[in-house]
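It should be emphasised that the depicted structure is a prediction, and the values quoted were computed from it without experimental measurement.
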Amino acid sequence: MSRGELNVFRAQWMSELKPSGGASDRQLRAKGQRRTQEHAREERATELFLRAVQEEQSGAVYEAIKFYRMAMQLVPDIEFKINYSRPSEADRSGENYMEDNDTDGEIEDLLAYFEQQLTLESTFPKICTPEIDMTQVHISALPREILMYVFRWVVSSDLDMRALEQLSLVCRGFYMCARDPEIWRSACLKVWGRNCTKLGPFKSWREMFLQRPRVRFDGVYISKTSYIRQGEESLDGFYRAWHHVEYYRYLRFFPDGQVIMLTTPDDPLSVVPRLRTRNTRMDAVLFGHFRLSQETDNQTKVFAVVSKKKEEKAAEFQKNRFYRRSAAPETEHSFHVGLHLSSGGRQSFSKLVWIHHSCHITYKLTGETVVTAFDLDRMYTPFFFARVKSYTAFSEQPL
């Protein structure tokens, strides 16, 4: 082989070793496209992850889980690639997020935030939307007026605001309905009547209901009294018995201003279920009315007047048609009770302290009333509130 042929062979061999220019350009373009796609995928995953963080902070856990899953499907390790210090970009779909002025990252007015989100989602927004496709009619198809009527049945005439707060945890739309000011205003009017025509120092009717002192209707106030009493000496004088006396006082308040009072040695396990309604037939039960009084010293007091039910007195003479009718009683007894309302432990408005107790005897013939005031000694122990779930388990009337 001549030198010229050797140089040609060497040049051809070198050209075969080097990649062609067209293939090199295609590889570079493909690598650039992959890099661009990865960058776009990472940006989209970042937006979804930050959106999930916002939903989680606002309490929408299910929405947050959905966006977390979408972000990790795009970039599995997106959690470690995000720079949390930089602000999130505006959403490309046109949704506008409220600016957060709180240093802790909490939304100050969650109700306004939900209403703004609902307005931005569609022209004709619904209160709520089904999470999965359904063949049956979803509750979101109901008008808001019907939903609000359902919510008034949940609160009921017993003012079960605890159930309303639990209902607000279902979804964003239920939260907005549960914060409707008209429901909380109706509840306040039922508790304080004409004394709450204005909000006063409170920002909302809900804040007034939760913070203003009031008696509770979803349970019973119980006072337990016990003491040691000396008994009679034995016949032989060898020993003297001592008796441990224990009894209870019960106070059950109703939203319409009625109250039930009972003094009995029976324990709460047997008495509390029988005080669920006003139509209890227990012996020695006193029925009456109560009112709340806001004193100048910023103390809330409860005043009640209770007496024996008149229908029961009349029924005692009609048990037997041949029974000789006794003369009608010439006197009427009523008991006046005064209590100071305060908070005990972690529960609000859960303690009632005695400030007054008296018996009023009215003579029907002369109309004269004799008042006997009792000394408030250690036998008058405070009442403490006990919540009873069965009292609000059924709704008889809407709010």
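In plain terms, the two heavy atoms of Val272 and Tyr391 that are nearest each other are O-OH, 2.6 Å. Closest approach of Val154 to Ala163, counting heavy atoms only: CG1-CB, 3.9 Å. When all heavy atoms of Phe349 and Gln211 are compared, the closest pair comes out as CZ-O, 3.7 Å. Between Ser358 and Ala373, the shortest heavy-atom contact is CB-CA, 3.9 Å. Across every non-hydrogen atom of His356 and Leu376, the tightest pair is N-CD1, 3.6 Å. For the pair Asp375 and Tyr380, the tightest heavy-atom approach, listed with the atom from each and the gap, is O-CE1, 3.4 Å.
His333 is not listed as a side-chain neighbour of Lys308, based on a closest heavy-atom distance of 4.5 Å or more. Put simply, the side chain of Leu251 reaches to within 4.5 Å of the side chain of Leu339, judged on heavy atoms. Using a 4.5 Å heavy-atom threshold, the side chains of Trp184 and Val155 count as separate. Under the 4.5 Å side-chain criterion, counting only non-hydrogen atoms from C-beta, Phe287 is in contact with Ile260. Contact of the Phe217 side chain with the Asp158 side chain is not registered, since no non-hydrogen atoms from C-beta on lie closer than 4.5 Å. Between Phe335 and Cys359 the shortest side-chain heavy-atom distance falls below 4.5 Å. Two residues are said to be in side-chain contact when any heavy atoms from C-beta on lie closer than 4.5 Å; Arg162 and Arg387 meet this criterion.
In this structure, CZ on Phe67 lies 13.5 Å from CZ on Phe49, to the nearest 0.5 angstrom. With rounding to the nearest 0.5 angstrom, the CZ atom of Phe384 is 9.5 Å from the CG atom of Leu352. The structure places CZ of Phe253 at 12.5 Å from CZ of Arg214, a figure rounded to the nearest 0.5 Å. To the nearest 0.5 Å, atom CZ of residue Arg276 and atom OG1 of residue Thr392 are 9.5 Å apart. To the nearest 0.5 Å, atom CG of residue Asp267 and atom CD of residue Glu246 are 9.0 Å apart. Taking CE from Met161 and CD1 from Ile183, the interatomic distance works out to 7.0 Å, rounded to the nearest 0.5 Å.
Residue Lys190 qualifies as enclosed at atom NZ: its count of foreign heavy atoms under 6.0 Å is above 12. The local environment of CG in Asp377 is crowded, with over 12 non-hydrogen atoms from other residues, nucleotides or ligands closer than 6.0 Å. Few gaps surround CG on Leu169; more than 12 heavy atoms of other groups in view lie less than 6.0 Å from it.
Clustering ILVMFWY residues whenever any of their side-chain heavy atoms sit less than 4.5 angstrom apart, transitively, puts Leu275 in the very cluster that holds Val388. Clustering ILVMFWY residues whenever any of their side-chain heavy atoms sit less than 4.5 angstrom apart, transitively, puts Leu341 in the very cluster that holds Trp192. With hydrophobic clusters built from ILVMFWY side chains whose heavy atoms lie under 4.5 angstrom apart, Tyr68 shares a cluster with Met70. A single hydrophobic cluster is seen to contain both Leu167 and Trp205, as judged by linkage of ILVMFWY side chains at heavy-atom distances under 4.5 Å, directly or through other members. Residues Val337 and Leu292 share a hydrophobic cluster, clusters being chains of Ile/Leu/Val/Met/Phe/Trp/Tyr side chains in contact below 4.5 Å.
In this structure, Tyr250 has its ring center at least 6.0 angstrom away from the ring center of Tyr221. For Phe202 and Phe209, the ring centers sit 6.0 Å or farther from each other.
Through direct or indirect side-chain contacts shorter than 4.5 Å among Ile, Leu, Val, Met, Phe, Trp and Tyr, Tyr363 is connected to Ile361, Val370.
A salt bridge does not link Arg51 to Glu47: none of the charged side-chain nitrogens sits closer than 4.0 Å to a carboxylate oxygen. The existence of a salt bridge linking Asp256 and Arg278 is confirmed by a sub-4.0 Å separation between a basic side-chain nitrogen and an acidic carboxylate oxygen. A salt bridge links Glu182 with Arg185: at least one charged nitrogen is closer than 4.0 Å to a carboxylate oxygen.
Under the 3.5 Å distance criterion, the side-chain polar atoms of Ser334 are left unmatched by any main-chain donor or acceptor of Ser307. At distances below 3.5 Å, at least one donor-acceptor pair connects side-chain atoms of Thr381 with backbone N or O atoms of Lys224. In terms of modelled atom types and a separation under 3.5 Å, the side chain of Arg44 and the main chain of Ala71 share no donor-acceptor contact. Put simply, the side chain of Ser350 never gets that close to the backbone of Phe385: no donor and acceptor are under 3.5 Å apart.
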Exercise for the section: Please test Ser186 against Arg152 for side-chain contact (heavy atoms from CB on, under 4.5 Å), starting from the C-alpha separation and ending with a verdict. Expected result: CA-CA 10 Å; Ser186 300; Arg152 286 182 175 271; 3.6 Å; yes
Handout entry: Worked verdict on Ile65 versus Arg69 for side-chain contact (heavy atoms from CB on, under 4.5 Å)
Key = CA-CA 6 Å; Ile65 293 175; Arg69 185 183 297 113; 3.6 Å; yes
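Judged by the 6.0 Å distance and 45° axis criteria, Arg179 is positioned over the aromatic ring of Tyr175. Arg252 forms a cation-pi arrangement with Phe254, by the criterion of a distance under 6.0 Å to the ring centre and an angle within 45° of the ring axis.
Using a 30° and 60° split on the angle between ring planes, Trp354 and His357 fall in the tilted class, from 30° to 60°.
With 3.5 Å as the limit, one finds no donor-acceptor pair spanning the side chains of His340 and Ser342.
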